[in-house]
Number of protein chains: 2
Amino acid sequence: MAIQPRNTKQKEAIRSVFTEAGRPLSHDEALTLSQEIVDGLSIATIYRNINVLVEEKWLSPVEIPGDTTRYEIAGKEHHHHFQCNTCGKLFDLQGCGIEWKAKLPKGFRTTGHEFFVYGLCSTCS
Amino acid sequence: MAIQPRNTKQKEAIRSVFTEAGRPLSHDEALTLSQEIVDGLSIATIYRNINVLVEEKWLSPVEIPGDTTRYEIAGKEHHHHFQCNTCGKLFDLQGCGIEWKAKLPKGFRTTGHEFFVYGLCSTCS
DNA sequence: ATCGTTGCAAACTCTTTGCAGGATT
DNA sequence: AATCCTGCAAAGAGTTTGCAACGAT
């Protein structure tokens with residue numbers, strides 16, 4: 001028989017911080033925000049719940065260069081991200097908005113692309 | 001007094017694998033290739049020498065999403081990279097070749113961008 | 001009462017560092 | 001001979017896992 005998930009305050013807190021953040025969060029960001037709701041919530045619980053939420057396709061991992069993976073609510077349409085050089089926070093960019101014409105080496109085939117913009121967010125400007 | 005660097009066969013082997021690879025290498029790739037030249041060369045020596053070569057600006061780190069940092073010989077002009085979905089190897093793309101027009105949120109400033117193409121290399125096609 | 005979930009601590013992986021022996025100058 | 005560098009093993013950081021206690025059903 002399939003497991004019967006239970007609603008714990010920790011789980012609920014974790015889902016709510018992603019819903020309210022409006023941007024992708026790291027494990028540490030999710031921990032800090034969740035602990036404001038449930039005191040003593042542990043980092044292991046963050047890792048476990050994020051992994052479950054990714055398997056359930058409620059969250060999607062956002063892998064970025066040179067920094068830990070962020071997670072965002074799944075199901076958004078194709079888009080890219082902006083990272084602030086100062087605070088490190090990740091933000092969504094609207095739409096894809098990219099055209100590229102790089103020459104591939106012979107015999108290479110393309111399946112997708114990723115794009116990141118760097119700069120200063122409005123708070124750090 | 002500044003330290004007087006010495007030429008060891010390990011250092012020479014590490015520099016040669018980057019010179020001959022023609023693409024950015026991970027620590028593990030550099031280890032495997034270097035051990036074909038100097039038997040028993042240790043992973044600590046790889047880490048130490050890569051760090052030194054980066055400080056000397058002979059190598060540049062190439063940070064990529066969701067995978068360990070690669071290193072390439074420094075001084076190339078602005079370019080981006082292709083990663084093979086199957087073997088994970090990273091390859092250079094010629095020129096930048098990107099135009100983008102994503103809308104930034106209000107008050108955000110841009111300082112740079114990164115771009116990655118994914119697909120299959122000629123060996124894995 | 002059952003059994004899914006949590007917090008803690010131990011285990012793992014990746015990277016860095018201390019140290020004694022070995023190699024280069 | 002002096003001292004830089006290497007290999008080994010231990011130490012750190014980030015992530016996962018085992019386990020006993022807790023808590024939702």
Side-chain angles (χ1 to χ4, degrees), chain A residues 1-18 24-56 58-72 83 88-90, chain B residues 1-18 24-56 58-72 83 88-90:
Chain A
M1 199 170 94
I3 61 164
Q4 294 306 321
R6 293 175 185 184
N7 291 326
T8 65
K9 55 190 178 190
Q10 289 89 343
K11 238 176 241 184
E12 200 181 322
I14 292 167
R15 274 189 293 245
S16 75
V17 300
F18 281 101
L25 300 178
S26 66
H27 289 104
D28 278 353
E29 287 172 331
L31 178 64
T32 304
L33 294 169
S34 298
Q35 285 178 337
E36 289 172 14
I37 303 172
V38 177
D39 193 61
L41 191 150
S42 76
I43 186 69
T45 295
I46 293 288
Y47 277 101
R48 276 189 282 236
N49 276 284
I50 287 180
N51 286 343
V52 168
L53 290 168
V54 169
E55 280 166 25
E56 291 174 352
W58 192 88
L59 284 180
S60 303
V62 182
E63 297 179 331
I64 64 180
D67 208 341
T68 57
T69 300
R70 269 60 171 169
Y71 297 87
E72 66 184 1
Q83 187 174 29
K89 286 179 184 162
L90 206 69
Chain B
M1 198 170 93
I3 60 164
Q4 295 304 321
R6 293 174 183 183
N7 292 324
T8 65
K9 58 192 178 191
Q10 290 88 344
K11 237 175 244 183
E12 200 181 323
I14 293 168
R15 272 189 294 245
S16 75
V17 299
F18 281 100
L25 300 178
S26 66
H27 289 104
D28 277 354
E29 287 173 332
L31 178 65
T32 303
L33 293 169
S34 297
Q35 284 178 337
E36 288 173 14
I37 304 174
V38 177
D39 193 60
L41 191 149
S42 76
I43 186 68
T45 294
I46 293 288
Y47 277 101
R48 275 191 283 237
N49 276 284
I50 286 180
N51 285 344
V52 168
L53 290 169
V54 169
E55 280 166 26
E56 291 174 353
W58 192 88
L59 283 180
S60 302
V62 182
E63 296 179 332
I64 64 179
D67 208 342
T68 58
T69 301
R70 270 57 170 171
Y71 297 88
E72 66 185 1
Q83 188 175 28
K89 286 180 185 165
L90 205 70

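Chain letters run A, B, ... following the sequence lines, proteins first, then strands; residues in each count from 1.
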Counting only side-chain heavy atoms from C-beta out, which of C:dT5, D:dT17, D:dT6 sits nearest to A:Arg48? D:dT17

Under 4.0 Å between a side-chain N/O of B:Asn49 and OP1 or OP2 of D:dC5, yes or no? no

Specify the residue among A:Asn7 and B:Thr69 whose closest nucleotide of DNA chain C lies further upstream toward the 5′ end. A:Asn7

Would you say CD of A:Glu63 has more than 12 non-hydrogen atoms from neighbouring residues, nucleotides or ligands within 6.0 angstrom? yes

Nearest whole angstrom, please: distance from the C1' of D:dA13 to the NE2 of A:His27. 15 Å

Any A:Ser42 side-chain nitrogen or oxygen under 4.0 Å from OP1 or OP2 of C:dT6: no

Using a cut-off of 4.0 Å on non-hydrogen atoms, how would the nucleic acid contact of B:Leu41 be classed: base, sugar-phosphate, or nothing? sugar-phosphate

Take atom CZ of B:Arg6 and atom P of C:dT25, then tell me their distance rounded to the nearest Å. 7 Å

Answer yes or no: does a side-chain N or O of A:Thr8 lie under 4.0 Å from OP1 or OP2 of C:dG4? no

From CA spacing to verdict: side-chain hydrogen bond (donor to acceptor under 3.5 Å, both in side chains), B:Thr68, B:Arg70: CA-CA 6 Å; B:Thr68 58; B:Arg70 270 57 170 171; 3.3 Å; yes

Determine the minimum heavy-atom distance between A:Ile46 and A:His27, stating which atoms define it. CG2-O, 3.8 Å

Length of the line joining B:Ile46:CD1 and D:dT6:P, which is rounded to integer Å: 10 Å

Rounded to the nearest angstrom, tell me the gap between atom CG in B:Leu31 and atom P in D:dG7. 10 Å

With a cut-off of less than 4.0 Å, is there a side-chain N or O of B:Lys9 near OP1 or OP2 of C:dA23? no

On the nucleotide C:dG7, are OP1 or OP2 found under 4.0 Å from the side-chain N or O atoms that A:Gln10 carries? yes

Please give, in whole Å, the distance from C:dT5 P to A:Leu53 CG? 11 Å

Could you state the CD1-C1' distance from B:Ile3 to D:dC4, rounded to the nearest angstrom? 8 Å

To the nearest angstrom, how far is B:Ile50 atom CD1 from D:dC5 atom C1'? 16 Å

Taking it one step at a time, do A:Gln10 and A:Asn49 satisfy side-chain hydrogen bond (donor to acceptor under 3.5 Å, both in side chains)? CA-CA 9 Å; A:Gln10 289 89 343; A:Asn49 276 284; over 6 Å; no

Please give, in whole Å, the distance from D:dC5 P to B:Glu12 CD? 14 Å

Atom pair CG/CZ of B:Leu25 and B:Phe18 - distance to nearest 0.5 Å: 5.0 Å

